[in-house]
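Okay, structure first, notes after.
Below, read A as the first sequence line, B as the second, and so on, with proteins coming before strands; counting in each chain starts at 1.
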Number of protein chains: 2
Amino acid sequence: MPVDAFAVLAEPARRRILDELRVADRSVGELVTALTISQPTVSKHLKVLRDAGFVSSRSAAQQRIYHVEPAQFAALDEWLAPYRRLWTKHLDKLARHLDTMEQ
Amino acid sequence: MPVDAFAVLAEPARRRILDELRVADRSVGELVTALTISQPTVSKHLKVLRDAGFVSSRSAAQQRIYHVEPAQFAALDEWLAPYRRLWTKHLDKLARHLDTMEQ
DNA sequence: TGCGCATATGTCTTGACAGGCATATGCCTG
DNA sequence: CAGGCATATGCCTGTCAAGACATATGCGCA
């Protein structure tokens, strides 16, 4: 992770952009109308997301179409992995407890 | 998520604390020596982590022992889930591509 | 090539937050 | 109950980033 992925996602507006792009690729203008944020603000957030590798863009005439880049999310998932063990262990314990109660 | 989980994790020091607590429960003093951060700073980060539900503490004499609370990580994982579909799809595509090449 | 649309960038102000330091609180032991 | 240890909290300052606004750039079309 070149730039801090968590810092990038800390901004709610950026997560809303990602939620939008997850459904389908979108032009900047579409994002602006979908999210009701000013155009310069959207462009700046997109730049941050691009620099962090969360999205990439292609040009289509005067428009730029953005789409989600899955790799960064996979990196996030890797960070989460060791903690996942903690809560699955927790769930196992819970399951065993329930099994005990059934008897 | 009552407070913004991503904003909480955006601070590197807090992630270091979690990495430490993931291995084993620790007192505040142990964290201070392990991370080489001032004691007040550690306490403040712990408060943020506590308020966000990432950790909880129990008292042992004058010490407070902190430990990781898995639920918040599970919440994070849920947020990540819809994106996970994106990159597994991506991997599927890659696998199919490799299959094609083998023939 | 000049105009208009879509997007990017620069500047400024303001607010939030982290760290340093001093100090308060809680708890145990002599 | 006094003193000391472990931890929490309050105050202050510097830093950084987000949003508003103005403006620059890129691209297509008449």
May I ask you to decide if [Y]'s main-chain N or O and [X]'s side chain share a donor-acceptor pair within less than 3.5 Å?
X: B/R16; Y: B/L35; value: yes
X: B/Y83; Y: A/D19; value: yes
X: B/R14; Y: B/L49; value: no

**Message:** I want to check one thing: is the phosphate of C/dA6, taken as OP1 and OP2, less than 4.0 Å away from some side-chain N or O of A/Y66?
**Reply:** no
**Prompt:** Can you tell me how far P of C/dT9 sits from CZ of A/R50, to the nearest Å?
**Reply:** 6 Å
**Message:** Using whole Å, what does the distance between atom P of nucleotide C/dA8 and atom CG of A/D51 come to?
**Reply:**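 Nearest whole value for this atom pair: 12 Å.
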**Message:** Please say yes or no: joined through hydrophobic side-chain contacts below 4.5 Å, possibly via intermediate residues, are A/I65 and A/V32 part of one cluster?
**Reply:** no
Which pair of heavy atoms, one from [X] and one from [Y], lies closest together, and at what distance?
X: B/L18; Y: B/L9; result: CD1-CD2, 3.5 Å
X: B/R26; Y: B/E30; result: CA-OE1, 3.2 Å
X: B/F6; Y: A/A10; result: CB-CA, 3.8 Å

**Request:** Go through the N and O atoms of the side chain of B/Q39 and the base of D/dA6, and report whether any donor-acceptor pair is under 3.5 Å.
**Result:** no
**Prompt:** So what stems show up for DNA chain C if we need 3 or more Watson-Crick or G-U pairs in a row, all under 3.5 Å?
**Reply:** C:1-30 with D:1-30
**Message:** Students often get this wrong, so: under 4.0 angstrom with heavy atoms, is A/S59 touching a base, only sugar-phosphate, or nothing?
**Reply:** nothing
**Item:** Interatomic distance, A/K47 atom NZ to A/K44 atom NZ [nearest 0.5 angstrom]
**Value:**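 Taking NZ in A/K47 and NZ in A/K44, the distance rounds to 11.5 Å.
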Using a cut-off of under 3.5 Å, enumerate the N/O to N/O pairs linking the protein to nucleotides 15-19 of chain D.
unit_1	atom_1	unit_2	atom_2	d
D/dA18	OP1	A/R14	NH1	3.2
D/dA18	OP1	A/R14	NH2	2.8
D/dG19	OP2	A/H45	NE2	2.8

**Closest nucleotide among D/dT9, C/dG26, C/dA8 to the B/P40 side chain** =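 It is D/dT9.
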